[in-house]
Amino acid sequence: MASSYSSSLSFPNFTLWLWLFLTGMASAQLTNNFYAQTCPNFSSVIQTAVNSAVKSEARMGASLLRLHFHDCFVNASLHFITSFFVSLDGCDASVLLDDTASFTGEKTAGPNSNSLRGFGVIDTIKSQLETSCKSVVSCADILAVAAKDAVVALGGPSWNVAVGRRDSTTASLSAANSNLPSPTSSLSGLITAFSNKGFNAKEMVALSGSHTIGQARCTTFRTRLYNENVNSSLATSLKANCPSSGSDNILSPLDATSPTSFDNAYFKNLQIQKGLLHSDQQLFSGGSTDAQVNTYSSNSATFSTDFANAMVKMSNLSPLTGSNGQIRTNCRKTN
Ligand code: HEM
Ligand SMILES: *[C@@H]1O[C@H](CO)[C@@H](O)[C@H](O)[C@H]1NC(C)=O
Ligand SMILES: *[C@@H]1O[C@H](CO)[C@@H](O)[C@H](O)[C@H]1NC(C)=O
Ligand SMILES: *[C@@H]1O[C@H](CO)[C@@H](O)[C@H](O)[C@H]1NC(C)=O
C-alpha cells in the first residue's frame with residue numbers, strides 16, 4: 001500500500017515541479033521595481049516621448065499599441081532551458097529586429113510588411129534611455145510601457161506594466177506569419193488564434209476593441225467592402241477611397257466615428273454593420289460573441305476594465321527574464 005501510494009504521487013509531483021520550474025523561468029520575474037536602482041526615470045522618459053509623438057500625430061498611439069501586440073503574439077525565438085526544454089518567447093522585442101545574414105526578421109511578414117510603424121519612436125526612446133541609463137532598459141519593456149502610455153494619451157484606460165523583460169537575439173518570419181490573426185479570419189479562427197495564446201473569447205473581444213483607434217489599408221478590407229453587408233452610408237464613403245482595384249495602401253479609420261479616441265465606439269459600430277475589417281464584423285454577426293459586443297457597447301467602463309486586464313495578460317506572454325536574452329543597445333540589432 002505504501003509503495004503504491006508514493007508511486008502514484010511521484011509522477012504528478014514531478015510534473016508539478018517541472019511546470020513550476022518552466023513557468024517560473026518563463027514569466028514569474030517581472031516586477032514593478034525592476035529599474036528602481038538602475039533607471040528610476042525610465043517610465044517618465046517613455047511617457048514624455050510617447051505623449052509628444054501622439055501630440056504630433058494621433059495615429060502614432062495606435063501604431064505603438066499594435067507594435068506591442070505583434071511582438072507579444074509571435075513565438076519568435078526558441079530558448080532552451082537546461083538544454084532540454086524549449087520555451088517559446090513572446091514579448092521579447094523580436095518584432096524590432098532588422099533582417100540579418102543569419103535570419104529574416106518579422107518586419108516583412110504579411111501582417112507587418114508595409115503596415116507596422118512606430119519604429120522611429122522606439123528608437124528615440126531607446127537612445128534617450130541609453131544616454132541616461134546605459135544598457136539597462138530592454139526594448140521589450142519599452143514596447144510594453146509605450147503601448148500603455150499610447151492608450152492613455154488617446155483617452156483610454158491605464159494599467160500596471162511590470163518590467164524586467166529582456167530582448168531576443170533572433171526573430172522569426174514564419175512565426176509572425178502563422179501566429180498573428182488575419183483580417184479575413186472567421187469568428188472561430190479568431191477564437192482559435194487567441195486561445196492558442198491563452199485568451200478566451202471574451203478577452204479576444206476586449207482586445208479587438210483596440211480597433212477603436214488607428215487606420216487600415218484598403219487591401220485589408222476591400223473584399224468585405226465589395227462583397228459583404230457593410231452599412232450603406234459607411235460603404236459609400238469607404239468606396240470613394242478604396243476602389244474595387246488599386247489604391248491598396250490608401251487608409252481608412254478602423255473606427256470611423258472617433259478614430260483618435262480610445263472609447264467604445266468600435267463596438268457601437270459593429271452593432272450597425274460598420275465594422276471595417278471582416279474580422280471586426282465577425283464579432284457581431286449572429287455568433288457567440290454578439291452578447292459581449294452588446295455589453296461593451298452599452299458599458300464603456302466594463303470595456304475599459306476588461307481591456308486593461310487583457311493587456312496586462314498580453315504584456316506578460318512568455319517574456320525572456322533573468323539571464324536569458326540580452327539588453328539590446330540598439331533595438332533594431334542584437335548586440
Ligand atoms: C482580433 C484579431 C485582429 C486582427 C485580424 C487584426 C488585424 C488588423 C489589421 C488588418 C489592421 C490594419 C493594418 C494595415 O492595414 O496596415 C490592424 C490595425 C490595428 N490593429 Fe489589429 N488586428 C487584430 C487584433 C488587434 C489587437 C489585439 C490589437 C492590440 C492589442 C490590435 C491593434 C491594432 C491597432 C491599434 C491598429 C491600427 C494601427 C495603426 O493605425 O498604425 N489589433 N489590425
Ligand atoms: C528624472 O525625473 C525627474 C523628475 O521627473 C527630473 O527632474 C530629472 O531631470 C530626471 N532625470 C533624468 C536623467 O532624466
Ligand atoms: C506558439 O506558442 C503557442 C503557445 O503560446 C502555441 O500554442 C503555438 O503552437 C506556438 N506556435 C508556433 C508556430 O510555434
Ligand atoms: C446604418 O447606420 C445608420 C447610422 O449611421 C443606422 O441608423 C442604420 O440602422 C444602420 N443600418 C444597418 C443596416 O445597421
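Whatever order the structure lists them in is the order used to number ligands and atoms, beginning at 1. If you're wondering where the values come from, they're calculated on a predicted model, not measured in any experiment. We use all heavy atoms of the structure for the numbers below, so side chains are in, but hydrogens, waters and symmetry mates are not.
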Inset, instruction - Look at the rings of Phe69 and Phe194 and say which category their plane angle falls in: under 30° parallel, 30 to 60° tilted, over 60° perpendicular. - result: parallel
Legend entry - Ser279-ligand 1 polar pair, N/O distance under 3.5 Å: no
Inset, instruction - Go through the steps for Arg217 and Asp248 under the test salt bridge (Lys or Arg N to Asp or Glu O under 4.0 Å), then give the verdict. - result: CA-CA 6 Å; Arg217 291 162 300 148; Asp248 282 8; over 6 Å; no
Legend entry - Atoms of ligand 1, numbered as shown, that sit under 4.0 Å from any heavy atom of Gly214: 37 (C), 40 (O)
Legend entry - Asp149-Asn51 side chain donor-acceptor pair, cut-off 3.5 Å: no
Inset, instruction - From the options Gly110, Ala58, Ala62, Ser315, select the one whose nearest heavy atom is closest to atom 35 (C) of ligand 1. - result: Ala62
Inset, instruction - Run through Arg224, Lys274, Glu228 and flag the one making a side chain to side chain donor-acceptor pair (under 3.5 Å) with Gln281. - result: Arg224
Legend entry - Selection from Pro253, Pro111, Pro181, Ser113 by shortest heavy-atom distance to atom 4 (C) of ligand 1: Pro181
Legend entry - Contact (N/O only, under 3.5 Å) between Ser208 and ligand 1: no
Inset, instruction - Classify the contact between Asn114 and ligand 1 as side chain, backbone, both or neither, using a heavy-atom distance cut-off of under 4.0 Å. - result: neither
Inset, instruction - Report the member of Arg66, Lys197, Met60 with the shortest heavy-atom distance to atom 36 (C) of ligand 1. - result: Arg66
Legend entry - Which segment of His211 sits under 4.0 Å of ligand 1 when only heavy atoms are counted: side chain
Legend entry - ligand 1 contact by Phe73, heavy-atom criterion under 4.0 angstrom: no
Inset, instruction - Between Leu190 and ligand 1, find which residue part has any heavy-atom pair under 4.0 Å and reply side chain, backbone, both or neither. - result: side chain
Inset, instruction - Taking only heavy atoms of Pro183 into account, list the atoms of ligand 1 that are under 4.0 Å away from them. - result: 5 (C), 10 (C)
Legend entry - N or O pair under 3.5 Å between Gln271 and ligand 4: no
Legend entry - Exercise check, heavy-atom protein proximity under 4.0 Å to atom 2 (O) of ligand 4: yes
Inset, instruction - Decide, yes or no, whether a salt bridge links Glu57 with Arg117 under the criterion of side-chain N to carboxylate O below 4.0 Å. - result: yes
Inset, instruction - Tell me yes or no: between the side chains of Ser252 and Gln215, is some donor less than 3.5 Å from an acceptor? - result: no
Legend entry - Heteroatom distance test (Arg217, ligand 1): nitrogen or oxygen, under 3.5 angstrom: yes
Legend entry - Within reach of ligand 1, part of Thr220 (heavy-atom separation under 4.0 Å): side chain
Inset, instruction - Could you tell me the residue and atom name of the protein heavy atom closest to atom 41 (O) of ligand 1, and the distance to it rounded to 0.1 Å? - result: Ser63 OG, 2.6 Å
Inset, instruction - Among all protein heavy atoms, pick out the one at the shortest distance from atom 12 (C) of ligand 1; state its residue, atom name and that distance to 0.1 Å. - result: Ala216 CB, 3.5 Å
Legend entry - Heavy-atom gap Ser182 to ligand 1 smaller than 4.0 Å: yes
Inset, instruction - Indicate, as side chain, backbone, both or neither, the part of Leu254 found under 4.0 angstrom from ligand 1 when only non-hydrogen atoms are considered. - result: side chain
Inset, instruction - Provide the number and element of each atom of ligand 4 under 4.0 Å from a heavy atom of Lys274. - result: 2 (O), 4 (C), 5 (O)
Inset, instruction - Output yes when the distance from some N or O of ligand 1 to some N or O of Arg59 is under 3.5 Å, and no in every other case. - result: yes
Inset, instruction - Would you check, one step at a time, whether the test salt bridge (Lys or Arg N to Asp or Glu O under 4.0 Å) holds for Arg166 with Asp92? - result: CA-CA 6 Å; Arg166 290 168 65 85; Asp92 61 358; over 6 Å; no
Inset, instruction - Around atom 30 (C) of ligand 1, find the nearest protein heavy atom and jot down its residue, atom name and distance. - result: Ser210 OG, 3.1 Å
Inset, instruction - Below 4.0 angstrom from a heavy atom of Leu277, which ligand 1 atoms are there? Numbered from 1 as shown, please. - result: 7 (C), 8 (C), 9 (C), 10 (C)
Legend entry - Distance-minimising heavy-atom pair for Asp167 and Ala140: OD1-N, 2.9 Å
Inset, instruction - Return the option from Ser115, Ala193, Pro259, Ser252 holding the heavy atom at the smallest distance from atom 16 (O) of ligand 1. - result: Ser115
Inset, instruction - Please find out if less than 6.0 Å separates the ring center of Phe262 from that of Phe307. - result: yes
Legend entry - Side-chain touch Ser44/Asn41, heavy atoms, less than 4.5 angstrom: yes
